[in-house]
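As structure tokens, the structure follows; a few thoughts come after it.
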Amino acid sequence: MLYNASVYDDEAGHVLGAFAAARDVTVQRRAESEVAKQRARELERLAELERFQKIAVGRELRMIELKKEIEDLRAAAGGE
């Protein structure tokens, strides 16, 4: 619950009245919690994809290096 209250007074400072309001924010809090959980899931998935990308790119780079090394060895051996 959110509560808000105000006291109204006149110029002399005498209280004329008060206004108070209460609002149930249960649904809003649940929605905020769900959004936070979804955001956490999305960030974890993003981290997982970034890890996969590093592995895949690393593998590709290693394959390029190996192909170059094979070509160099063939050239040094007088091969193709």
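Counting from 1, the numbers follow the sequence of the chain as shown. It should be emphasised that the depicted structure is a prediction, and the values quoted were computed from it without experimental measurement. What you see below is based on every heavy atom in this structure, not just the backbone, and it leaves out hydrogens, waters and symmetry mates.
- Q38 and E34 are not linked by any side-chain donor-acceptor pair at a separation below 3.5 angstrom, with hydrogens and angles left out of the test.
- The residues R45 and E42 are annotated as not salt-bridged, no charged nitrogen and carboxylate oxygen being separated by less than 4.0 angstrom.
- Side-chain contact between E32 and R29: present, with at least one pair of heavy atoms (C-beta onward) separated by less than 4.5 Å.
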Side-chain donor-acceptor contacts of residues 52-70 below 3.5 Å, not counting sequence neighbours, with atom names and distances?
residue: R62; atom: NH1; partner: E65; partner atom: OE1; Å: 3.4
residue: K68; atom: NZ; partner: D72; partner atom: OD1; Å: 3.0

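- By the salt bridge (Lys or Arg N to Asp or Glu O under 4.0 Å) test, R41 is found to be paired with no residue, residues two or more places apart in sequence or in another chain being considered.
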Run the side-chain donor-acceptor check on residues 15-24: report pairs under 3.5 Å with partners two or more places apart or on a different chain.
residue: D24; atom: OD1; partner: T26; partner atom: N; Å: 2.9
residue: D24; atom: OD1; partner: T26; partner atom: OG1; Å: 2.5

